[in-house]
Amino acid sequence: MIIIMQSHATDEQINALRSKIESYGLTANISRGVERTIIGAIGEERQLNIEALQSLPGVENVVRVVKPYKIVAREGHNENTVIQVKGATFGGKTVQIIGGPCSVETQEQMDLAAQFTAEAGCRLMRGGAFKPRTSPYAFQGKGVEGLHIFRTAADKFDLPIVTELMDVRTIDDFLKYHVDIIQIGARNMQNFDLLKEVGKLHTPVILKRGLCATISEWLMSAEYIAAGGNHNIILCERGVRSFESAYRNMLDVTAIPFLKKETHLPVIVDPSHAGGKAWLVSALSKAAIAAGADGLLVEMHPYPCEAWCDADQALSPNELKTLMDELRPLAQAIGRDI
Ligand code: PEP
Ligand code: MN
């Protein structure tokens with residue numbers, strides 16, 4: 001960390017800075033220039049409280065040298081993290097497509113959805129049993145019964161399941177139903193207690209980007225999970241809030257190559273919640289794969305018009321099949337497969 005002192009900073013103020021830095025176990029390297037003094041704090045700078053240093057008398061500016069995240073940073077961990085979920089890999093050569101409905105509704109709906117997901121060639125299935133809804137009067141999900149329905153349907157087609165965890169109190173249910181990937185939704189990206197708890201598990205986690213989270217905030221949330229010992233984290237870009245109201249969210253395609261440079265974790269994209277319309281899903285999926293995404297999370301419903309949640313953005317079974325057929329040559333063109 002570099003601390004730039006104000007031009008009129010006194011020796012007393014500079015010495016106070018030195019003592020503060022040394023009290024954290026770091027070394028202070030003081031460089032006195034003609035116009036101002038610059039202090040380098042050498043050591044584990046993440047433990048320094050940047051705001052506290054900034055507020056000390058005589059300090060002009062404090063600049064970080066290292067990234068605030070450590071375990072998830074590409075720096076010092078050049079190899080891509082490859083996550084195995086029952087034979088399906090994330091972060092390797094294969095672009096992994098997860099298909100399924102927004103929410104678990106009935107056994108019949110999930111049985112059909114599982115069949116169509118498998119028939120389209122997806123290796124994993126999504127479906128929410130606990131739904132984060134804007135309105136408290138909207139369908140909130142089937143809860144634990146939904147986990148049971150989902151597991152039963154997916155097992156018929158050997159599909160690993162991805163489902164959202166909203167509350168630490170349901171973690172035991174998630175373990176009981178052997179949820180294969182725990183999804184942390186956009187609204188909970190900064191629910192730090194939830195992140196700490198999934199950090200203690202071994203189950204892979206899909207960490208969605210918060211509604212208006214910066215890349216740095218998002219990676220710090222991933223760091224929370226990793227710091228607990230669970231390094232099986234897949235980041236999911238799902239569009240961010242913007243000034244544009246013509247579609248649901250703005251897919252941040254730039255985030256994909258940026259994250260691949262910044263972190264070794266796999267990065268997937270949810271084109272359904274980004275666009276919010278079924279007809280946008282194909283174009284956004286192609287953009288995501290072309291930009292280097294390691295997978296997609298796509299909503300499909302056996303009867304989209306009858307979906308209890310997010311009907312507008314659900315693909316029909318046929319549309320999912322067509323999408324998969326369109327994506328295969330695209331993946332091949334960039335040296336990957338589906
Ligand atoms: C979902 O995937 O079901 C969901 C609610 O998405 P998000 O958290 O991205 O809004
Ligand atoms: Mn949805």
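Indexing begins at 1, ligand by ligand and atom by atom, following the structure's order.
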For this session: List the steps, then state whether side chain to side chain contact (heavy atoms under 4.5 Å, CB included) holds for Ile2 with Ile39.
Result: CA-CA 6 Å; Ile2 296 164; Ile39 306 176; over 6 Å; no

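- Each protein N/O/S atom under 2.8 Å from the Mn ion (ligand 2) was counted, for a total of 4.
- Between Tyr177 and His148, the ring planes are perpendicular. Angles over 60° get that label, and only those under 30° would be called parallel.
- Looking at Glu44, its side chain does come within 3.5 Å of a backbone N or O of Arg46 through a donor-acceptor pair.
- Listed by first and then second residue, the salt bridge (charged side-chain N to carboxylate O under 4.0 Å, His left out) pairs that reach into residues 121-137 are Arg126-Glu299, sequence neighbours excluded.
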Tabulating one pair per line, provide the atom names and distances (0.1 Å) for every N/O atom of ligand 1 that is less than 3.5 Å from a protein N/O atom.
from: ligand 1; atom 1: 2 (O); to: Arg126; atom 2: NH1; distance (Å): 2.8
from: ligand 1; atom 1: 2 (O); to: Gln183; atom 2: NE2; distance (Å): 2.9
from: ligand 1; atom 1: 2 (O); to: Lys208; atom 2: NZ; distance (Å): 2.8
from: ligand 1; atom 1: 3 (O); to: Arg126; atom 2: NH2; distance (Å): 2.8
from: ligand 1; atom 1: 3 (O); to: Lys131; atom 2: NZ; distance (Å): 2.9
from: ligand 1; atom 1: 6 (O); to: Lys208; atom 2: NZ; distance (Å): 2.9
from: ligand 1; atom 1: 8 (O); to: Ala186; atom 2: N; distance (Å): 2.8
from: ligand 1; atom 1: 9 (O); to: Lys208; atom 2: NZ; distance (Å): 2.8
from: ligand 1; atom 1: 9 (O); to: Arg238; atom 2: NE; distance (Å): 2.6
from: ligand 1; atom 1: 10 (O); to: Arg187; atom 2: NH1; distance (Å): 2.8
from: ligand 1; atom 1: 10 (O); to: Arg238; atom 2: NH2; distance (Å): 2.8

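- Taking the charged nitrogens against the carboxylate oxygens, Glu223 and Lys70 have no contact shorter than 4.0 Å, which rules out a salt bridge.
- Annotation: ring pair (Phe, Tyr, Trp, His ring centres under 6.0 Å) contacts of His178 (sequence neighbours excluded): none.
- There is no side-chain donor-acceptor pair under 3.5 Å between Arg209 and Asn249.
- Between the Thr94 side chain and the Phe90 main chain, no donor and acceptor come within less than 3.5 Å of each other.
- Ionic pairing of Lys86 and Asp158 is not present here: no N-O contact between side-chain nitrogen and carboxylate oxygen is shorter than 4.0 angstrom.
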